[in-house]
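Below is one structure; the comments refer to it alone.
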Amino acid sequence: KKEVFMQTFNELSQHFSKIFSELSPGGVARLVLENEESPFEGGLEIDAKPRGKEITRVDVLSGGEKALTALAFIFALQHFRPTALYVLDEIDAHLDPQNLHRIAELIRRSSRESQVILVTLHDSMMSVADRLFGVTMEKSGISRLFSVELAGLAA
Amino acid sequence: KKEVFMQTFNELSQHFSKIFSELSPGGVARLVLENEESPFEGGLEIDAKPRGKEITRVDVLSGGEKALTALAFIFALQHFRPTALYVLDEIDAHLDPQNLHRIAELIRRSSRESQVILVTLHDSMMSVADRLFGVTMEKSGISRLFSVELAGLAA
Amino acid sequence: AYVSKIELRGFKSFGNSKVSIPLSRGLTAIVGPNGSGKSNVVDALCFVLGRMSAKLMRAERFSDLLFNGGNGQRPAPFAEVSLHFNNEDSALPINSTTVAISRRVDRSGKCVYRINKKRASRQEIVDLLSKSMSSPGGYNFIMQGDVDRFIKIDPFDRRIIIDDLA
Amino acid sequence: AYVSKIELRGFKSFGNSKVSIPLSRGLTAIVGPNGSGKSNVVDALCFVLGRMSAKLMRAERFSDLLFNGGNGQRPAPFAEVSLHFNNEDSALPINSTTVAISRRVDRSGKCVYRINKKRASRQEIVDLLSKSMSSPGGYNFIMQGDVDRFIKIDPFDRRIIIDDLA
Ligand SMILES: Nc1ncnc2c1ncn2[C@@H]1O[C@H](COP(=O)(O)OP(=O)(O)OP(=O)(O)O)[C@@H](O)[C@H]1O
Ligand SMILES: Nc1ncnc2c1ncn2[C@@H]1O[C@H](COP(=O)(O)OP(=O)(O)OP(=O)(O)O)[C@@H](O)[C@H]1O
Ligand SMILES: [Mg+2]
Ligand SMILES: [Mg+2]
C-alpha cells in the first residue's frame, strides 16, 4: 500500500516540480512528505523557492505566489491522469500580468493535446483562445451567449 | 443593550444599502436580521437584488456578485466610524472590468475626504490614484520602490 | 474524440430557447460580466456528465436547475443539456462518428439520460465517457473557488489527495 | 492630519537601506509583481501603528520582521518603520505641525516606540492616533484575503460584527 502511494507520490512530484519551473522561471519547488518512513502519519508539504529567494514552506509566500504554486499542484494532478477535456473556471485571480501570461501560455500548450474550456475575466487569458464566447445577462434575467471575434484583441 | 444594537444595525443598514446601489446600478440590497425580536439569537443575512434579478440570499449570487456585496458591507463598516487613513490590499479580485471601474470611482471619491493607500494588480484601479508607486524584488531579495508617472496610463 | 458543441435549454439562466455553443478543438474561452452566466455553462457540463449532487452546481435541489422564469418569463418545465461529440477517431467506445449525450430533469427532479436520442442509464453514460471525461478526483474540472481551496488546504488533507489518487 | 511619508529600514524585504515613501493626501496606489513586497508595505503600517500580533504581519514572531539578508546580504540588526504626519490642522493632539511616530524592533523582539524622536510607550502612540487611525474592528485596514473572509462569513459571525461595533 505504501508502495503504490510512493509510486504515485514520485510521479506527481516530478510533474509538480517541472510545471512549477515553467510557471516560476528560475524557481524550484518540490513536494515534501512530513513523514517519509510512514507517509500516512504525516501530511504533504510544499517547499517553494521562487528565483532569488530562499526555500520556504509555501505558507510564507505572498498571495500570488501561493496561487501560482497551487496552480502548479493542480496542473500536476491533471497531468497524472490526462483527460480529453479540461474545464477551468476563473483560476487566475491573484496573479500579476506576467504570471497571467505564463499561465495562459501553459494552457495554450495543453490545448494542443486536449480540449480546454476556460472562464476568465482577464484579457491576457482570453487572448490565447482559439474561440471566444461572451455572455451577458439581459434585463429579462436570461443569459445570452455570442461569439466574439478574436482578431482585435492584443495577443 | 438591544437598543444600542438596533441603533448600530439601522445606521449600518442605511450605509450598506446606499453603497450597494452605487456599486450595482439599479440593484438593491439590505441587511436582514434572522431574528428581529431578539437579534442575539439569530444571525445577520444579506438580501441582494442586482438589477433585473430577483431578491436572493447573498449565497446564491455569482462569485463576483458576492465579492461586490461583501465590499459594500466592508465600506459600510468603514462609513460607520470614519478614519483619516484607509489601507486596502487587493480588494478587487473576482470583479469584472465594469465593477472594477465602479469600485475605483468609489475609492476615488472617498480619497477626497480621507487618505487611501491601495494595493492592486489592476490597471483600472491604479489609474484613479493621485500617486503611484511600483515595487519590484531584485535578485538580491530586496524590494525596491519607485515612483511611477501616471500620465501615460489609460484613465 | 472532442466536444463539438454544448446545447442548453431551460438550464439555470439560459431561458426557454435552445442555446448552442460550438466549441473549439483547442481552447474555448468564455468571458462576460459578473453574474452573466459563465459559471452556469460550467454547471451545465457537470450536469450532463452525470454529477449526482445538485450542490456542486450551486443548487439546493435538482429542480433549482430549471430556469426560474427570470424577470417575467414563464419558468421552464424542464432543463436539458446535450453534449455533442465528434467521434471520428472512435476514442469513445460506441459505433458512431457523432455521439450526443443528453440529460433532462423536470420539476419533480426526475432525470432522463439519452445517448444518440436513445434512453440510457446514468451508468452507461459514465462508462462511455469515463476514459476521456473524468479523472480520479475530478481534477479536470476546476470550479470557481477551487484554487483558493487548494491554497488553504492543510498538509494532511493535501496528502490524502495522493492517497485517493493511488 | 495626514501621513506625509512612510520610512522603512530593515523591515521584511526592504533591506538595510532606508526606504522612503511619500504619500499623496488623496489616493496612493502600490503596484508590482506577485511577491515583490506590496503587502510588506501594508505590514509596515500595521507594525508602526502598534499591532501586538506578529501573525497579523505574516510573521511567526517579531524577529521574523527583520530583513533576513535575502540573497547574500547581511541580515538587519533591527527593523524600523516611521510614519510622518503633517499636523498643520492640529487634528493630532500634540503641539507640533509635523509628527513622526516610529517603532523599532531588534533581534530579541524588544520594541522601542518614539514620538518625534522621544521615547514613548505603545499606549501613548495608540492614544495619539486612535481618533484618526483606528476604527472599532480595525476595518480601515483591509488586508489581502479579508474580502474572501467577508464573503464566506456565516450569518451568526456576521451579526457578531455588529455586536462588537455597538
Ligand atoms: N434556475 C435559475 N433560473 C434563472 N436564473 C438563474 C438560475 N440559477 C441561477 N441563475 C442566475 O445565474 C446567475 C449566476 O450566473 P453565474 O454564476 O454563471 O455568473 P458568472 O458569469 O459566473 O459570474 P462571476 O463572474 O461573478 O463568477 C445569477 O444571477 C442567478 O440569478
Ligand atoms: N524578513 C524578511 N526578510 C526578507 N524578505 C522577506 C521577509 N519577510 C518576507 N519577505 C519576502 O517578502 C516577499 C513577500 O512580499 P509580499 O507579500 O509583500 O508580496 P506582494 O507584493 O504583496 O505579492 P502578491 O501580489 O502576490 O500579494 C516574499 O518573497 C518573502 O520572501
Ligand atoms: Mg462565475
Ligand atoms: Mg500581497
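A, B, ... follow the sequence lines: proteins, then strands. Residue 1 opens every chain.
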### Task
Look at the rings of A:H122 and B:H122 and say which category their plane angle falls in: under 30° parallel, 30 to 60° tilted, over 60° perpendicular.
parallel
Output the residues of residues 60-69 of chain A for which the shortest heavy-atom distance to chain B is under 4.5 Å, in residue-number order; output 'none' if no such residue exists.
->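 Within residues 60-69 of chain A, near chain B: nothing under 4.5 Å.
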Proximity of residues 70-82 of chain A to chain B, residues having a non-hydrogen atom under 4.5 angstrom: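 Within residues 70-82 of chain A, no residue comes under 4.5 Å of chain B, counting heavy atoms only.
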Is it true that, when you exclude [X] itself, more than 12 heavy atoms of the residues, nucleotides or ligands shown sit nearer than 6.0 Å to its [atom1]?
X: B:K2; atom1: NZ; answer: yes
X: B:R102; atom1: CZ; answer: yes
X: A:Q98; atom1: CD; answer: no
X: A:E45; atom1: CD; answer: yes
X: B:R144; atom1: CZ; answer: yes
X: A:E105; atom1: CD; answer: yes

- prompt: Which residues pass the side chain to side chain donor-acceptor pair (under 3.5 Å) test with A:D96, sequence neighbours left out?
  reply: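 Applying side chain to side chain donor-acceptor pair (under 3.5 Å) to A:D96 gives A:N99.
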Taken in chain and number order and not counting sequence neighbours, the residues that satisfy side chain to side chain donor-acceptor pair (under 3.5 Å) with A:Q7 are none
With a 4.5 Å limit on heavy-atom distance, are the side chains of B:R51 and A:M137 in contact?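 No, every pair of side-chain atoms sits at 4.5 Å or beyond.
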Pair A:K139, B:K53 - check side-chain contact (heavy atoms from CB on, under 4.5 Å), show working.
CA-CA 8 Å; A:K139 289 207 182 68; B:K53 302 187 181 184; over 6 Å; no
